[in-house]
Structures are given as C-alpha cells and as structure tokens.
Amino acid sequence: MKLSIVILAAGQGKRMKSDLPKVLQPLAGKPLLAHVIDTARSLSPAAIHVVYGHGGERVRSALDATLAASASRHSWVLQAEQLGTGHAVQQALPALADDELALILYGDVPLIRAETLRTLIAAATDATNGAAMGLLTVMLDDPTGYGRIVRDAQGRVRAIVEQKDANETERGIREGNTGVMAVPVEYLRRWLGNLRNANAQREYYLTDIIAMAVADGVRVVPLVAPIVAEVLGINDKIQLAEVEAENRRLRAHELMTNGVTLIDPARIDVRGSIEVGRDVQIDVNVVFEGQISLGDRVRIGPNCVLRDCRIADDVTINANCVLEDAEVGKGAIVGPFARLRPGTKLGAEVHIGNFVEVKNSSLGEGAKANHLAYVGDATVGARANIGAGTIIANYDGANKHHTTIGDDAHTGSNSVLVAPVTIGAGATVGAGSTITKDVADGALAVARGRQVAIEGWKRPKKTPKK
C-alpha cells in the first residue's frame, strides 16, 4: 500500500503572541514545520500534502524549497476556515487515492521520530487480522488538554473523547491522544464524510473516526509513544522553550551514545545534522548549525559556534571561535578568538591564532597566522607565516581582489598587502610595510618611511584651564 502523508499546519497560534505563524516559530534553528517535513521525507512517501491556513503565503514561501526537495509528490492545501482537525484533513482528500495509506502528522509536533512512525505504519498495513488503522497515543501524568483514549475491558480502543466533552471518569484516564494516525484512505474518505460538529467546540473532530472504525469492524491498533517528548505539541513560547530544551537533551544523548565526550551535556546545542568520529571532546556552550562533520580526536573548546563545517582528524578548536562554511585540515589548531568565514580551507597542521580572521582563502600545510591578522581572498602556501597585525587589503570599494603568498614566505608584523599582489616563495616582507607590487621568490621587500629623529622637537602643551 502506497503511503501519503498529510501534515496539518493551519493553526493560528494565538497563544504565541507573535506575528510569525506558529509553524514558522524556530526550533533548533529552523521552523517547526520544517522538522516535520524532514521527518516525513525520511519515510519516502508517494506524496506529502501540507494543509495550511493562517499566514499561508508566508508559510508557503518559507518552506516551498524544503517541500520541493522531497522526491515525493507534494502539494499545499488551503484550509480557508479552521473548523477542526477533521475538516482540515477533508481539504486534502481530493489529493489522496483510495489505495493509499494516509499518515496524519502535525506541523507543531516537531520531535516525532521516523522509527515510531514506521512502527505505526506497519501496524496499519498488517492485514493478518483484517483491515486496520494505527493510532499513536501517549501516557501522561497530567493529560489536561488531551483527548482521552477510551478502552474496553479487553484493552481495545473504542473511542477518543475530547477533554471539553469528557465526563469525570473519562477525564481520569491518563492515556492521551496525540492526533497522529495511519488510516487507509478508502475508509478515511467515508468516515470524514460522516463527521458532525455536535460538540462543545462546534468543530469537526478527526478523533471521531475512531468510533466509526470500531463500528465498521476496522481494528484500531494503538501504539503508545515510547518517548513522551516526541509527541509534544507547541502552543506558546513556554512550550516552545520546553521542547527546545528537550531537543537539546536528545541530541546530546545521541552524541554521547556515539562516543562523544561532552563536558556538560546540558550546555550544547545541535541545530542541524552532525557526523562524529571517535574520541571527540566538546566543551560547554558550543553551538552546531547546518551540516557538521567532525573527525577522530577533534577537540572543541568552550563558547564556539560552528556552521556548515568539515573538521578533519586531530583538530583543536580553542575557546570562543566562530567557524562558518569552513574546512579544517588534519592536526590544525584554531583560536582562541578566531573567525573562519565562508570559503576558508585550512590544510594540515595549519595554525590560526587569537583574533585572526580568514575569509575565502586557502592556507597550505603548516602555514601560520598566529595573532591579529586578516586573510581575505588569498592563497597561502605551505609553511608560510603571516605576522601579527598583517592584513590583506582585498577590497577596493567596488571589487574583491586576490592575493597569492608562496610557500615558506613570511610577512612581518603590521604589514598591509594590497591586492592583487603576489608574494613569492620564500620571500620576506619587512615589518610595517605596505606592499603594492609583486615580490619575487626569496626577495626581501620593505616599503615604509625612513625613520627620522628631529632634534629639538617639543611636544605641544595644553593651555591651562582658567
């Protein structure tokens, strides 16, 4: 049976007290809905349909590319009026085929795991005992606000009762409805057509199809969520912060399971995907964003931010560094207080020290820029040494220009290399020089004013205040 996924994302989210639609609120660096779409894509469905409403065009423009990246068919389905979850799924029915299984997800439940959903799908497609649908439930100490799962004496699910419609006995039930379900479309279509809004909220509840399934002899196969956090919905900024914290905890646990040493698991933030080698150690307050790869024996000091970086084996990144779209070669040392901007490529054993910034440049094996330097739009050869205070003046106010520094070249402290310029292999630039012309291999270039001592000069004195 082919799988189609329907994601309900039309909620207004008034309790967020924000102009940003609820499903665009950020979690771990990307919108809530993006997390759900990524999980949906991982299941390789035939189609993904997103039902949107409040802030619709903003939602579509923000996530069109994410949805389009799926190999599955995809569509945006407008729910012009929010008349309940059943009504929302009805809007997607024209896009569903009767021979498909519909998996219903929610745009504000971002931590749902693919492995849980695969188990739910398997329950709904096991035809051993006849037609079935899968229902994801959750056991809660305090189920306030959740629909309650009503079971019979044999433990079979008979119905779901929303809290506002529940009696005192039903409100005492701890098993809550997550809203996530897998339903054969041929049954879903008929059941949705029979929904009525005769309830406290005057809405068409998707949960009412459970009683219809029971009446039609379709097995309702319940699956209790193995992790409560994965089915938590988000309605306000407090819940958003709670789920953010839970996401950090889960990602830290995942890293430690893979052998990473975290100095404090509560103080690490993974906002993307991360691949790690063996014996990696990460200190406190480190943030990872985008696509990250860490080789074996990498050491990362406190208060660092890495975004879309590839870090080779035996690299040390000292405290307070920011790296973005950078490649760092084996055995390199970066920081403290260094910044690697997009396009940076460091070879093996390169040293980038404190208060050094590198942008769109490559540094060959063993090259060094140990302190207070700017290297922009440059190719730096192996074992070259960039002296303290050296900057590459790569921008003329309109265009960027390239600088080439050869193998084993040295630049003295407080030098300015005005691009475009080439410093030859083994060349030396004297301290305090402003270099505007190419320097030949092995040559010494000095470009500074001659020192003059003026005899009899006296420093001006301030006029005394009256």
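- Ring geometry for W76 versus Y52: interplanar angle over 60°, hence perpendicular rather than tilted (30 to 60°).
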Is there a salt bridge (Lys or Arg N to Asp or Glu O under 4.0 Å) between R151 and E175 once you walk through the steps? CA-CA 10 Å; R151 296 183 183 237; E175 187 176 13; 2.8 Å; yes
Under the salt bridge (Lys or Arg N to Asp or Glu O under 4.0 Å) rule, what do E324 and R310 come out as? Steps first, then yes or no, please. CA-CA 10 Å; E324 180 180 3; R310 295 150 298 284; over 6 Å; no
Hey, mind stepping through D152 and R158 against salt bridge (Lys or Arg N to Asp or Glu O under 4.0 Å) and telling me if it holds? CA-CA 6 Å; D152 62 18; R158 311 311 292 173; 3.8 Å; yes
Stepwise side-chain contact (heavy atoms from CB on, under 4.5 Å) test for I209 and M181: CA-CA 11 Å; I209 73 170; M181 57 183 70; 3.6 Å; yes
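- Few gaps surround CD on Q154; more than 12 heavy atoms of other groups in view lie less than 6.0 Å from it.
- Using a 3.5 Å distance cut-off with no hydrogens or angles, the side chains of Q163 and T144 do not pair a donor with an acceptor.
- Panel note: side chain T116, backbone I112; no donor-acceptor pair is recorded below 3.5 Å.
- Side chain to side chain, T207 and E162 meet the donor-acceptor criterion of an N or O pair below 3.5 Å.
- Formation of a donor-acceptor pair under 3.5 Å by the R251 side chain with backbone atoms of G272 is found in this model.
- Side chains of W191 and D208: a donor-acceptor N/O pair is absent below 3.5 angstrom, by distance only.
- For the side-chain contact (heavy atoms from CB on, under 4.5 Å) with L340, the lone residue among L306, L323, I317, D325 that qualifies is L323.
- Rounding to the nearest 0.5 Å places CD1 of I300 at 11.0 Å from CG of N318.
- Side chain of T85 to main chain of L206: a donor-acceptor pair is present (N/O by atom type, distance under 3.5 Å, no hydrogens or angles).
- Nearest heavy atom pair, residue G331 against residue V315, reads N-CG2, 4.0 Å.
- Side-chain atoms of R148 come within 3.5 Å of backbone N or O of R171 as a donor-acceptor pair.
- Put simply, CD on E327 and CD1 on I311 are 9.0 Å apart, with the number rounded to the nearest 0.5 Å.
- Interatomic distance, CG of N394 versus CG of D377, reported as 4.5 Å (0.5 Å rounding).
- Within a 6.0 Å radius of CG in D99, other residues, nucleotides and ligands contribute more than 12 heavy atoms.
- The backbone N or O of G397 lies less than 3.5 Å from a partner atom in the side chain of Y395, making a donor-acceptor pair.
- Side chain of S361 to main chain of V358: no donor-acceptor pair is present (N/O by atom type, distance under 3.5 Å, no hydrogens or angles).
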Could you walk me through whether L8 and I104 pass the side-chain contact (heavy atoms from CB on, under 4.5 Å) test, one step at a time? CA-CA 7 Å; L8 306 187; I104 312 299; 4.2 Å; yes
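- Within a 6.0 Å radius of CD in Q281, more than 12 heavy atoms belonging to other residues, nucleotides or ligands are found.
- Rounding to the nearest 0.5 angstrom, the gap separating the CG atom in L240 from the CG atom in N235 is 10.5 Å.
- The two residues V356 and A369 make their nearest non-hydrogen contact at CG2-O, 3.3 Å.
- Atom NZ in K368 sits 10.0 Å away from atom CD in E349 (nearest 0.5 Å).
- A salt bridge does not link D296 with R278: every distance from a Lys NZ or Arg NE/NH1/NH2 to an Asp or Glu carboxylate oxygen is 4.0 Å or more.
- Residues meeting the ring-ring contact (aromatic ring centres under 6.0 Å, His included) test with Y205, sequence neighbours left out: none.
- D283 and G301 get closest at one heavy-atom pair: CB-C, 3.6 Å.
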Does I392 form a side-chain contact (heavy atoms from CB on, under 4.5 Å) with I405? I'd like the steps, not just the answer. CA-CA 11 Å; I392 295 177; I405 300 174; 4.3 Å; yes
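- Atom CG of L117 is separated from atom CG of L136 by 7.5 Å, given to the nearest 0.5 angstrom.
- Formation of a donor-acceptor pair under 3.5 Å by the H402 side chain with backbone atoms of P420 is not found in this model.
- No hydrogens or angles considered: nothing links the side chains of D165 and N199 as a donor-acceptor pair under 3.5 Å.
- Just one residue in the list Q91, Q90, H87 forms a side-chain hydrogen bond (donor to acceptor under 3.5 Å, both in side chains) with Q79, and that residue is H87.
- Nearest heavy atom pair, residue L20 against residue Q25, reads O-NE2, 3.0 Å.
- For the pair R174 (side chain) and M139 (backbone), a donor-acceptor distance under 3.5 Å is absent.
- In this structure, P110 and V36 approach most closely via the heavy-atom pair CA-CG2, 4.0 Å.
- At distances below 3.5 Å, not a single donor-acceptor pair connects side-chain atoms of E203 with backbone N or O atoms of L83.
- Heavy atoms of other residues, nucleotides or ligands lying less than 6.0 angstrom from CD of E81 number 12 at most.
- A salt bridge is defined here as a Lys NZ or Arg NE, NH1 or NH2 lying under 4.0 Å from an Asp or Glu carboxylate O, and E254 with R248 fails to meet this definition.
- Remark: side-chain polar atoms of D308 are paired, donor with acceptor, to backbone N or O of Q291 under 3.5 angstrom.
- Scored by the side chain to side chain contact (heavy atoms under 4.5 Å, CB included) test, R41 finds I37, D38, I48, T66, A69, S70 as partners (sequence neighbours excluded).
- With sequence neighbours left out, the side chain to side chain contact (heavy atoms under 4.5 Å, CB included) criterion links L250 to L111, E246.
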Can R190 and D216 be said to form a salt bridge (Lys or Arg N to Asp or Glu O under 4.0 Å), step by step? CA-CA 11 Å; R190 181 169 74 246; D216 285 352; 3.0 Å; yes
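- When only modelled atom types and interatomic distance are considered, D396 and H401 share a side-chain donor-acceptor pair under 3.5 Å.
- A salt bridge links D108 to K22: at least one charged side-chain nitrogen sits closer than 4.0 Å to a carboxylate oxygen.
- The closest side-chain heavy-atom distance from V221 to V157 is not below 4.5 Å.
- Within 6.0 Å of the NZ atom in K237, the count of heavy atoms belonging to other residues, nucleotides or ligands exceeds 12.
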